[in-house]
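Every chain is numbered from 1, with letters handed out A, B, ... down the list of sequences. Note: hydrogens, waters and symmetry copies are ignored here, and every other heavy atom, side chains too, is used.
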Protein chains: 2
Amino acid sequence: MTASSTPRLPRKPRRSMADDVRENKREEILAAAEALFFERGYAQTTVADIVAALGVTKPYLYYYFNGKDDIFEQLCWRASVACLTSMHTDAGDARPAGDRLQEGLHRLAVANIRYFRAGTFAYRETGALAAPFQARLRAMARVFHRELRDLLQQARDEGSIECGNLMLTSHAIGSVVGFMYTWYKPGGPIAQDDMADEITRILMNIAGFRQPTPKRRARTGANKDNP
Amino acid sequence: MTASSTPRLPRKPRRSMADDVRENKREEILAAAEALFFERGYAQTTVADIVAALGVTKPYLYYYFNGKDDIFEQLCWRASVACLTSMHTDAGDARPAGDRLQEGLHRLAVANIRYFRAGTFAYRETGALAAPFQARLRAMARVFHRELRDLLQQARDEGSIECGNLMLTSHAIGSVVGFMYTWYKPGGPIAQDDMADEITRILMNIAGFRQPTPKRRARTGANKDNP
DNA sequence: CCTACCGATCGGTAGG
DNA sequence: CCTACCGATCGGTAGG
């Protein structure tokens with residue numbers, strides 16, 4: 001989290017080869033557990049299921065993680081962070097709010113497609129999560145909705161969208177990405193990039209977006225080379 | 001379901017007073033279990049929790065139900081039926097598709113508000129449901145989306161809505177009601193009837209509804225007295 | 001890094 | 001003798 005160190009000093013590589021191996025094994029366990037938690041649910045997935053899927057034993061798993069709940073929290077946290085920080089925009093970003101909104105919604109769609117499994121744990125499996133962890137997730141969700149509502153309001157004020165109740169609009173947008181897991185599975189007929197664009201269009205439609213900003217046909221994207 | 005019997009013969013009341021008492025007790029158990037299953041999840045709710053909430057004992061519960069899974073399935077089934085049959089319209093209904101769509105979406109909103117707890121079990125707790133039961137739910141969900149897409153297409157053909165991909169629009173509509181449980185709790189500042197109207201407006205907006213049918217300002221509603 | 005096994009707790013049901 | 005229920009305990013399995 002606190003990765004702000006003085007540059008120009010490539011000394012002391014934080015990560016040895018042994019660390020990489022360890023990290024790979026951790027990720028293998030996380031990937032196997034994520035698939036099972038998503039399909040069967042947290043409580044219906046046993047630690048024996050996870051280790052069987054990997055062809056290892058239970059003590060192997062407990063060497064890399066503190067327990068079943070530890071694995072679940074790590075999966076849930078990283079996915080929730082990726083999805084719920086999508087609407088964050090730099091304070092110095094002077095572009096029209098409509099552009100920033102569209103870029104944020106696109107990030108939101110991409111994150112929810114990328115983390116389509118673990119991204120659902122926070123709201124599907126609340127009962128399986130410890131109360132303090134739930135509180136941290138709720139706090140992050142509040143920030144997400146605040147940032148989204150602020151962007152919607154700014155975009156409405158500048159006239160690039162037309163929407164009614166901001167809270168309901170915000171929730172409707174969150175619902176479309178949050179409910180995607182019930183019908184969308186990556187690997188289907190539609191490529192992930194195309195699906196992200198399609199979802200972004202739907203989200204912009206819910207926001208009441210009318211035409212791509214009449215003033216100047218701005219081509220938004222990941223263009224952050226020069227300001 | 002098959003309640004079509006010859007009238008004018010009030011003989012043989014199907015339901016004795018003892019049956020009513022039994023039915024009341026069943027409903028009490030179902031209500032207590034529903035609240036716990038919704039808040040803690042199926043696996044995190046024990047039979048001991050349910051009976052404790054009612055001040056009764058486990059044999060009492062097992063007299064009225066075959067088990068924990070039996071209770072869960074009954075809750076899930078009745079709620080899912082109520083929500084997923086909302087888009088069904090009579091074959092003889094000759095009104096414009098836009099009106100039938102709006103009426104169906106309003107039923108959908110009302111059903112999801114009414115069954116806001118057990119209505120989520122089908123997609124939140126798939127892992128806790130037996131495979132054959134899941135199959136029956138999936139079949140019913142398929143019918144729901146087919147009926148919704150048919151209505152959307154008819155409404156688009158008659159010009160009362162403008163929407164893009166019918167499948168994505170249908171899923172976006174289902175998402176808004178399916179994800180309501182994450183932010184809406186009945187008993188809040190907004191009355192249930194008002195919330196149903198508000199949700200219906202959002203759903204119609206997602207469908208691309210433009211003004212209440214320009215041709216004739218039809219006032220749709222539950223007015224089925226005379227054709 | 002595995003085999004073998006524990007303390008705790010589950011859903012369900014016996015006898016009375 | 002039946003029903004509707006209680007206190008006590010069952011077999012089986014979870015995480016560890």
Side-chain angles (χ1 to χ4, degrees), chain A residues 17-30 32-76 121 125-133, chain B residues 15-30 32-76 121 125-133:
Chain A
M17 205 158 76
D19 285 339
D20 284 341
V21 169
R22 181 184 167 87
E23 197 56 30
N24 280 341
K25 296 196 174 180
R26 281 177 57 89
E27 289 301 328
E28 283 176 11
I29 295 171
L30 287 170
E34 182 182 23
L36 289 167
F37 286 148
F38 177 74
E39 287 163 20
R40 308 180 187 178
Y42 177 77
Q44 289 82 20
T45 300
T46 68
V47 175
D49 292 334
I50 300 172
V51 297
L54 291 164
V56 297
T57 60
K58 284 195 267 190
Y60 175 97
L61 183 147
Y62 280 92
Y63 174 75
Y64 293 103
F65 293 95
N66 290 329
K68 188 184 166 188
D69 52 351
D70 182 23
I71 297 175
F72 194 60
E73 277 196 5
Q74 292 196 30
L75 286 167
C76 182
F121 295 162
E125 301 263 28
T126 37
L129 294 165
F133 187 75
Chain B
R15 178 169 289 279
S16 71
M17 206 159 73
D19 286 338
D20 284 340
V21 169
R22 180 183 169 87
E23 196 58 28
N24 282 340
K25 299 198 172 182
R26 281 177 57 89
E27 290 300 328
E28 283 175 10
I29 295 171
L30 287 170
E34 182 182 21
L36 290 168
F37 286 149
F38 178 73
E39 287 163 20
R40 308 180 186 179
Y42 177 77
Q44 289 81 21
T45 301
T46 67
V47 175
D49 292 334
I50 299 171
V51 298
L54 290 164
V56 298
T57 59
K58 281 197 268 191
Y60 176 98
L61 182 147
Y62 280 94
Y63 175 76
Y64 293 102
F65 294 95
N66 291 328
K68 188 185 165 187
D69 53 349
D70 182 22
I71 296 175
F72 194 60
E73 277 196 4
Q74 292 194 32
L75 286 168
C76 182
F121 294 162
E125 301 263 28
T126 36
L129 295 165
F133 187 75

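Dashed line: the shortest gap from a side-chain N or O of T57(B) to OP1 or OP2 of dC6(D) is under 4.0 Å. OP1 or OP2 of dG16(D) has at least one side-chain nitrogen or oxygen of Y62(A) nearer than 4.0 Å.
If you measure from atom NZ of K68(B) to atom P of dT9(C), you get 15 Å, rounded to the nearest angstrom. As a whole-Å value, the separation of D49(B) CG from dG12(C) C1' is 15 Å. For the pair Q44(B) CD and dT9(C) P, the computed distance is 15 Å after rounding to whole Å. dG11(C) atom C1' lies 16 Å from atom CD of E73(B), rounded to whole Å. Nucleotide dA4(D) holds its P atom 15 Å from the CG atom of L61(B), rounded to whole Å. Spacing between atom OH of Y60(A) and atom C1' of dG16(D) amounts to 18 Å, rounded to whole angstrom units. R26(B) places its CZ atom 14 Å from the P atom of dA4(D), with the value rounded to the nearest Å. Here the C1' atom of nucleotide dG15(D) and the CG atom of N66(A) are 14 Å apart, to the nearest Å.
Taking only distance into account, the side chain of K58(B) meets the base of dG12(C) through a donor-acceptor pair shorter than 3.5 Å.
When heavy atoms are screened at a 4.0 angstrom cut-off, Y64(B) is found touching the sugar-phosphate backbone but no base atom.
Remark: side-chain polar atoms of Y64(B) are not paired, donor with acceptor, to backbone N or O of E27(B) under 3.5 angstrom. Of the possible donor and acceptor atoms, one in the side chain of K68(B) sits under 3.5 Å from a partner among the backbone N and O of T45(B). Although no hydrogens or angles enter the test, the distance criterion places a donor-acceptor pair under 3.5 Å between the side chain of E125(B) and the main chain of Y42(B).
Atom CD1 of residue I71(B) and atom CG of residue L75(B) lie 7.5 Å apart, to the nearest 0.5 angstrom.
Taking only side-chain atoms of P59(B), from C-beta outward, the nucleotide of dC10(C), dG12(C), dC6(D) with the closest atom is dC6(D). Proximity note for V47(B) (side chain, C-beta onward) versus dG11(C), dG15(D), dC6(D): the nearest is dG11(C).
Taking the six-membered ring where tryptophan is involved, the planes of F37(B) and F121(B) are perpendicular, since the angle between them exceeds 60° and thus also 30°.
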